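See below for the structure under consideration.
It should be emphasised that the depicted structure is a prediction, and the values quoted were computed from it without experimental measurement.
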Amino acid sequence: QVQLVESGGGSVQAGGSLRLSCAASGYTTSMAWFRQTPGKEREGVAALYTTDGSPYYADSVKGRFTISQDSARNTLYLQMNSLKPEDTAMYYCAADFRTGGSLLSAGLWNYWGQGTQVTVSS
């Protein structure tokens, strides 16, 4: 059984930075960050395998966001730099990829957190 709790969201001006955290209870083999705005499908942002930390990123955030984990592999982070208004969304932590497609496909992840809101003002 895996429980995920996100934190670190808030309001920031364009060009600023935020660091999101996801505390995980239970063992995970892979973790990811997704985001969603009202009326739109959930979008994959970044993912990694907890065994080696190898990262994967959506094209829209490459060079701006960094996904990482702590040494105990029980906390996932998303460092977000150079934030843009279009980054505004509810950000969700996910765990345990089922395979069968892209790591950034929301339907292939087993566990989800409740989300943390990120708002970027222009």
Side-chain angles (χ1 to χ4, degrees):
Q1 185 69 34
V2 175
Q3 183 180 29
L4 306 172
V5 181
E6 303 97 332
S7 62
S11 297
V12 65
Q13 293 184 344
S17 299
L18 284 173
R19 191 189 194 195
L20 306 183
S21 298
C22 174
S25 61
Y27 182 76
T28 62
T29 59
S30 52
M31 298 185 74
W33 289 98
F34 288 76
R35 64 189 183 186
Q36 188 171 27
T37 56
K40 295 185 177 181
E41 295 182 354
R42 194 162 296 187
E43 174 190 24
V45 176
L48 59 73
Y49 285 100
T50 59
T51 52
D52 60 15
S54 181
Y56 301 83
Y57 297 99
D59 289 341
S60 61
V61 305
K62 286 181 179 178
R64 298 190 298 123
F65 292 8
T66 302
I67 188 171
S68 62
Q69 61 186 357
D70 66 359
S71 59
R73 297 187 289 179
N74 58 10
T75 304
L76 183 74
Y77 302 99
L78 185 68
Q79 179 66 47
M80 304 185 293
N81 298 326
S82 301
L83 283 162
K84 305 174 181 179
E86 50 262 47
D87 295 318
T88 295
M90 183 72 74
Y91 282 71
Y92 297 91
C93 180
D96 290 350
F97 179 66
R98 297 197 292 270
T99 75
S102 172
L103 281 168
L104 302 181
S105 296
L108 298 179
W109 292 82
N110 287 325
Y111 302 98
W112 296 89
Q114 81 290 345
T116 184
Q117 179 68 39
V118 171
T119 302
V120 184
S121 61
S122 60

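- Tested against Val12, the residues Thr119, Leu83, Thr88 include a single side-chain contact (heavy atoms from CB on, under 4.5 Å) partner, Leu83.
- Contact check on Lys84 versus Asp87 returns no salt bridge, with no Lys/Arg side-chain nitrogen under 4.0 Å from an Asp/Glu carboxylate oxygen.
- Under the 4.5 Å side-chain criterion, counting only non-hydrogen atoms from C-beta, Arg73 is in contact with Thr51.
- Side-chain contact check for Glu43 versus Ser60: some heavy-atom pair is nearer than 4.5 Å.
- Here the CD-CG distance, from Gln79 to Leu20, works out to 9.0 Å after rounding to the nearest 0.5 Å.
- Proximity of Tyr77 to Asp70: side-chain heavy atoms (C-beta onward) are separated by under 4.5 Å at one or more points.
- Between Tyr91 and Phe65, the ring planes are tilted. Angles from 30° to 60° get that label.
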Exercise. Stepwise, does the side-chain contact (heavy atoms from CB on, under 4.5 Å) test hold for Leu4 with Tyr92?
Worked result: CA-CA 9 Å; Leu4 306 172; Tyr92 297 91; over 6 Å; no

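- Across all non-hydrogen atoms, the minimal contact from Tyr57 to Ile67 is OH-N, 3.0 Å.
- With a 6.0 Å cutoff to the six-membered ring centre and a 45° limit on the axis angle, Arg42 does not count as a cation-pi contact of Trp109.
- With hydrogens and angles disregarded, no donor-acceptor distance shorter than 3.5 Å links the side chain of Ser105 to the backbone of Gly107.
- No donor-acceptor pair closer than 3.5 Å links the side chain of Glu6 to the backbone N or O of Thr116.
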